[in-house]
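Values in this document were obtained by computation on a predicted structure and should not be read as measured data.
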4 protein chains.
Amino acid sequence: MNSSLPITNPLSATLLISCPDRQGLVAAVTDFIARHNGNILQLDQHVDAQENVFFMRVEWDLSGFKLSREEIDAAFNQVAAPFGMTWEVHFSDQIPRMAVFVSKEAHCLYDILYRHQSGEWRVDIPVIISNHPDLGTLAEKFGIEFRVLPVNKDNKPEVEQAQLEILREKRADLVVLARYMQIVSENFVNHYPNRIINIHHSFLPAFAGAKPYHRAHGRGVKIIGASSHYVTAELDAGPIIEQDIMRVNHRDSVEDLVRKGKDVEKLVLSRAIRYHLNHQVLVYNNKTIIFG
Amino acid sequence: MNSSLPITNPLSATLLISCPDRQGLVAAVTDFIARHNGNILQLDQHVDAQENVFFMRVEWDLSGFKLSREEIDAAFNQVAAPFGMTWEVHFSDQIPRMAVFVSKEAHCLYDILYRHQSGEWRVDIPVIISNHPDLGTLAEKFGIEFRVLPVNKDNKPEVEQAQLEILREKRADLVVLARYMQIVSENFVNHYPNRIINIHHSFLPAFAGAKPYHRAHGRGVKIIGASSHYVTAELDAGPIIEQDIMRVNHRDSVEDLVRKGKDVEKLVLSRAIRYHLNHQVLVYNNKTIIFG
Amino acid sequence: MNSSLPITNPLSATLLISCPDRQGLVAAVTDFIARHNGNILQLDQHVDAQENVFFMRVEWDLSGFKLSREEIDAAFNQVAAPFGMTWEVHFSDQIPRMAVFVSKEAHCLYDILYRHQSGEWRVDIPVIISNHPDLGTLAEKFGIEFRVLPVNKDNKPEVEQAQLEILREKRADLVVLARYMQIVSENFVNHYPNRIINIHHSFLPAFAGAKPYHRAHGRGVKIIGASSHYVTAELDAGPIIEQDIMRVNHRDSVEDLVRKGKDVEKLVLSRAIRYHLNHQVLVYNNKTIIFG
Amino acid sequence: MNSSLPITNPLSATLLISCPDRQGLVAAVTDFIARHNGNILQLDQHVDAQENVFFMRVEWDLSGFKLSREEIDAAFNQVAAPFGMTWEVHFSDQIPRMAVFVSKEAHCLYDILYRHQSGEWRVDIPVIISNHPDLGTLAEKFGIEFRVLPVNKDNKPEVEQAQLEILREKRADLVVLARYMQIVSENFVNHYPNRIINIHHSFLPAFAGAKPYHRAHGRGVKIIGASSHYVTAELDAGPIIEQDIMRVNHRDSVEDLVRKGKDVEKLVLSRAIRYHLNHQVLVYNNKTIIFG
């Protein structure tokens, strides 16, 4: 199975499952697939032994599958119900719609636009939303709608309402905060639970909050990092999807950390987005399981 | 499931399977386990789409399992035969016996002895074999039998016969060449196919053969590496199990590369040994699949 | 000293020196600077003990320096001559002119254009030259002249002449082969010794030449890499400037290696370009010394 | 210069200097060395532009040097005084004396003993001090004196007095806390400022204090780390000397983090010790400058 070439791949379905652990779970799910003539492309499972919870992701070829998409729901519910499974199914020809929030920094947006335009990701980007006009020219170069909604202390609730309205109108499945630099409200988060991805420019939980590179420089760390996570009500405390790091040394000024950090930030954010788009992520207990 | 604490873990069985890919493979195996009351601790599968070959590793709790070890073979054969499966089963209370070959360099042996003695690995080391007496004192400190068999151009076949005799006598399951620095013959290799692990002090396939650090220094590389692989008849060309690297720069002399490289060599070798001891490795087409 | 913010930095001069090692070299150079009222911002030296060669890079603030640029040459020659120094001096307000050669792959060019446009690098890009028209649209988006010179077996010498003519006309100081995918002739190389930077998509010297990811996949490596080097007459054998790597596993197809490799390639190439633009690189014996 | 083979190296002197930055500093120091016939083996300098402080490390060959060790002090003081330099000089044949504090975990001690015994480091280890008897056998194997001083809430001041007495008696230059797991008092620290090296099993400043792996697991990080630092009065807040990291994933239990972390901890601690033994470390503003 090669999930990196979705376009040339066969049409496939991906099931994400979680439930209390017990015997026969994998057998029940794989029997369901085999019984209806599905060939498994990739299967991953995980048991959280501490919490006794079972997680599974299975992707199978739909070519000869005997159930139509519409029938899968009802049929699989008969398998899932006795085990108390929480589950969702995705089809490889459904193209996710991703809204990108930015502010003034271009590096993450650039990276996202490159992966979008080059066909590395199968995703639609219906809109870029910013609180500053700076990146409008870049968005225009790539032919993507750019909406400026300036934020200040007083208008935040109204702006978030307007943002939510745009997201609804654009039918966004996923919101990416690509160095948006604004704290989003709990109300906003609740509209997209585990569907807002942020990049924080530190190795969380170190240096959560403002000016992480300044604080990293002040502390004299030898390594800086970046962390991509789902946004929750608590600042920089949501489930971590991906992290990576870069060595620094005494010669590096704060400005050097900022510059070097950009290369990590964009890579970490783009990997997290990819995991999400490929339905590789399950969230449990404020942590992520990344399959595949 | 936590394979790192085998002693406190429940007694478990691990199946390793490969066969031509087709529908129903995972269902058949997991149904076999569920039917006899086994709870799956960990399951990994992989399909080599190019070669159409299916690989699987599944570990399950034997606590309530209704088949005795003796019955598993016959029972599973009925599952395996229709699919043409090649398979093997391992039980977590079988402690592998590992012979270590060394020469004069101590760093890998040290690392192995630490992991053995600290209980990090569940393994017996019945003998250390060397072509030089240098490391005898170290072996003695850890109470492990040390056998010196000097090798020269003329006596190699006789020495290998003597080595094989010792391995038989000690009932070795696995041979680790911990910087042994001698080429072993095809005949020797054939006695332990995919059961001789070597550490080569380069990032293979770069610098296969003699004096890799000298050649790396001569070429002016910015990164050095180490590679652990199963030994085959062709020098440094067997299936790679694990590799890792370390940054170097223009200040590093050949001696610095040798020193820095040691830290990578021992880590890479020890990780490869761990994968093997945990039955995480499948070999196909001169490549490895590392599960878990 | 913060070489990453050249625009806000004071005007500075950078000396690069190499000569046979002997006593008093650093003293002679730093005395020259101090005597004329220069304050050293950064100093690095290295002695190749094997070859007995001395290398030095020193950057000093020109604010209060008593010699004009024109006078530095003659004055420093009096210091350099007795030691047999080879040397060059660069001033921080001289903006290098970099020509970029591309073919069909966009990722490295994208990365270069981002760093150029964002002001991360102080460089002019007067022209992009390609053997295919594919990346013309991208070049146009960023307002950079794009010249297509199709290459085939028969017209290579003529095309190289035309390329050299463009480089002369554009007064290029540096040529970057950003996945150009064509072998350049010895004659071409001789026009820009140690001034043509290539990115090779393997961890050199492994997999020099064609299709490195296919060969890496065939060999079953656990790590892939990329190498940036100055181009010499021998293919992929020039002085390595920078290398980096990425982990892969048995799940990764050749297409996955290609995709993952792109993220390493562009980072490695951009770091190498930065070292060159900052005058941090000295070449000796087909190896590089990277200062700073 | 190859500082990794100190035994075969020429006898050398190393100067460590810090002072307010101004013109002529490098010239003054290198002129001092050249004037007395010293050949520089390695020179590093750094200017903290924010604080306007100059740092320098220079090592030179003493073979033909015209000053005796006794004369160097007085002679260099004449250079140092006008610039207000803080400085110290070390000679390569002075072998540092390092006391190691341990508790029950063996991995760091093992690693230290290997590097000591193999000759990788030029250091004497006159004593190992522990609050538990567990590692006595290991110390004995390597012929190093082992002293047990049990610590509890009530006897801490007396035990620290006894420890200090042992350190005095053994003429320790350096104290290494190799997973000692006890907080040392400010009074104790004041006896060895910037000469007590600790290893903390987290990527500081994340997870300072107790049970870092449990907290890392709870937070769901994707990378764990280790940090070596000089001990100061504030817990885990001293100047960081070295850090490194390791990837983890959702499969890793707390016990897996503990096991994997050990490999990082011992490497990070040993690198920090090496930097200290080679006089590569300067401390300023609760941060370290690592030269070489």
Which heavy-atom pair separates [X] from [Y] by the least distance, and what is that distance?
{"X": "D/I240", "Y": "A/G220", "result": "CB-O, 3.8 Å"}
{"X": "A/R247", "Y": "D/Q243", "result": "NH2-O, 2.8 Å"}
{"X": "D/H46", "Y": "A/R251", "result": "CE1-CA, 3.8 Å"}

Inset, instruction - Would you please go through residues 175-188 of chain D and name the residues with a non-hydrogen atom below 4.5 Å from one of chain A, in numerical order? - result: none

Inset, instruction - Please lay out, stage by stage, how D/I223 and A/I245 fare under the test side chain to side chain contact (heavy atoms under 4.5 Å, CB included). - result: CA-CA 9 Å; D/I223 289 175; A/I245 57 97; 4.3 Å; yes

Legend entry - Proximity breakdown for D/N286 and chain A, heavy-atom pairs closer than 4.5 Å: both

Inset, instruction - Counting only heavy atoms closer than 4.5 Å, note whether D/F207 contacts chain A via side chain, backbone, both or neither. - result: side chain

Legend entry - Greatest number of heavy atom pairs closer than 4.5 Å to chain A - which of D/R215, D/Q50, D/H217: D/H217

Legend entry - When D/I241, D/N249, D/V254, D/N285 are compared by non-hydrogen pairs under 4.5 Å with chain A, the top option: D/I241

Inset, instruction - Determine, step by step, whether A/K287 and D/R219 satisfy the side chain to side chain contact (heavy atoms under 4.5 Å, CB included) criterion, reporting the C-alpha distance in whole Å, the side-chain angles of both residues, the deciding distance to 0.1 Å, and the verdict. - result: CA-CA 7 Å; A/K287 302 200 271 191; D/R219 180 64 186 90; over 6 Å; no

Legend entry - Set of residues satisfying side chain to side chain donor-acceptor pair (under 3.5 Å) with respect to D/T288, sequence neighbours excluded: A/K222

Inset, instruction - Taking the side chain as every heavy atom from C-beta outward, state whether D/S227 and A/V221 have any atom pair closer than 4.5 Å. - result: no

Legend entry - Full working for ring pair (Phe, Tyr, Trp, His ring centres under 6.0 Å) between D/Y284 and A/H250: CA-CA 11 Å; D/Y284 182 75; A/H250 61 267; over 10 Å; no

